[in-house]
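One structure is given below, encoded as structure tokens.
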Amino acid sequence: MSDAFTTRVLNVTSGSAERIVDLTGDCEAFLGEVAAGRDGLLNIFVPHATAGVAIIETGAGSDDDLLAALHTLLPADDRWQHRHGSPGHGRDHVLPAIVPPHATLPVLNGRLELGTWQSVCVVDTNKDNPQRKVRITFLAGS
């Protein structure tokens with residue numbers, strides 16, 4: 001495999017509650033190993049039908065605010081056509097249309113280019129699936 005394209009799969013435990021999992025440290029560690037001062041792009045992809053990737057502030061309440069907003073937009077009740085799993089699970093399948101399952105971010109001089117308070121996060125409202133895989137890929141510039 002060329003060092004211009006390097007990928008890794010992270011195993012993430014989100015637990016049995018709705019959760020936002022900060023992966024910024026994992027992304028930075030990956031880039032520290034593979035980017036070697038180069039510019040390029042980091043792609044984050046969650047290959048699940050019920051999870052998304054968000055670039056948000058964490059730790060100051062924004063992560064809780066996002067979950068609260070998702071409860072307003074996507075209530076966990078019996079309105080959903082998709083009905084297997086926990087009550088309201090159908091909304092988890094709508095989540096990726098609002099919080100996409102991917103993000104692509106710039107990497108400059110081997111470092112993730114985020115704003116001061118931005119973090120790379122997995123958004124997981126599916127209490128029935130506590131184990132997630134997240135593929136992170138560095139694509140080096142020419």
Side-chain angles (χ1 to χ4, degrees), residues 1-77 79-82 84-142:
M1 177 183 285
S2 166
D3 66 349
F5 179 88
T6 308
T7 192
R8 177 170 298 156
V9 175
L10 304 174
N11 292 304
V12 176
T13 301
S14 56
S16 59
E18 295 179 356
R19 190 156 168 228
I20 295 177
V21 181
D22 190 338
L23 299 179
T24 309
D26 296 298
C27 292
E28 290 171 340
F30 171 69
L31 290 172
E33 293 174 27
V34 304
R38 298 178 292 167
D39 294 347
L41 296 171
L42 179 71
N43 183 264
I44 304 97
F45 176 65
V46 182
H48 297 278
T50 59
V53 175
I55 310 302
I56 61 169
E57 177 182 8
T58 59
S62 297
D63 36 358
D64 292 332
D65 290 340
L66 175 56
L67 291 174
L70 290 171
H71 273 281
T72 300
L73 291 170
L74 304 171
D77 58 23
R79 74 184 68 203
W80 307 100
Q81 298 297 312
H82 189 104
H84 75 82
S86 298
H89 173 66
R91 75 169 188 134
D92 300 326
H93 287 274
V94 177
L95 173 78
I98 296 169
V99 181
H102 58 87
T104 301
L105 303 169
V107 176
L108 300 177
N109 197 27
R111 297 182 49 87
L112 191 56
E113 186 71 9
L114 290 171
T116 302
W117 304 111
Q118 290 180 316
S119 296
V120 179
C121 301
V122 169
V123 179
D124 189 358
T125 59
N126 182 356
K127 298 181 271 188
D128 296 337
N129 188 358
Q131 301 296 321
R132 299 298 185 163
K133 294 198 179 301
V134 180
R135 179 173 296 280
I136 54 176
T137 304
F138 175 65
L139 178 61
S142 54

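Values below: every heavy atom of this structure, side chains too, minus hydrogens, waters and symmetry copies. A quick note: this is a predicted structure, and the numbers were derived from the prediction, not measured.
- Under the 4.5 Å side-chain criterion, counting only non-hydrogen atoms from C-beta, D92 is not in contact with W80.
- Residue T58 holds its OG1 atom at 10.5 Å from CG of D64, rounded to the nearest 0.5 Å.
- Across all their heavy atoms, G110 and A35 have their closest contact at CA-CB, 3.7 Å.
- Nearest heavy atoms, P96 versus P101: O-CD, 3.8 Å.
- For Q131, the side-chain hydrogen bond (donor to acceptor under 3.5 Å, both in side chains) partners are T13, not counting sequence neighbours.
- Residue C27 is tested with V134, V120, L105 for a side-chain contact (heavy atoms from CB on, under 4.5 Å); the sole match is V120.
- Between H93 and H84, the closest side-chain pair of non-hydrogen atoms falls below 4.5 Å.
- Side-chain contact check for T50 versus R132: some heavy-atom pair is nearer than 4.5 Å.
- Between the CD atom of Q118 and the CD atom of E57 there is a distance of 9.5 Å, given to the nearest 0.5 Å.
- Distance SG/C121 to CD1/I56: 4.5 Å, rounded to 0.5 Å.
- Interatomic distance, CD1 of I136 versus CD1 of I44, reported as 7.5 Å (0.5 Å rounding).
- Counting heavy atoms from C-beta on, the side chains of N126 and H48 never come closer than 4.5 Å.
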Does K133 form a side-chain contact (heavy atoms from CB on, under 4.5 Å) with N11? I'd like the steps, not just the answer. CA-CA 5 Å; K133 294 198 179 301; N11 292 304; 2.7 Å; yes
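- Annotation: the span from R111 atom CZ to D39 atom CG amounts to 13.0 Å, rounded to 0.5 Å.
- The shortest side-chain heavy-atom distance between F30 and L42 falls under the 4.5 Å cut-off.
- Here I55 contributes atom CD1 and S119 contributes atom OG; the two are 8.5 Å apart, rounded to the nearest 0.5 Å.
- Within the 4.5 Å cutoff, no side-chain heavy atoms of D124 are placed close to those of V21.
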Could you walk me through whether R38 and D3 pass side-chain contact (heavy atoms from CB on, under 4.5 Å), step by step? CA-CA 11 Å; R38 298 178 292 167; D3 66 349; 3.8 Å; yes
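- The two residues L95 and G52 have their closest heavy-atom pair at CD2-N, 4.1 Å.
- Looking at L31 and F138, their side chains come closer than 4.5 Å, going by heavy atoms from C-beta outward.
- Closest heavy-atom contact between A54 and V123: CB-CG2, 3.8 Å.
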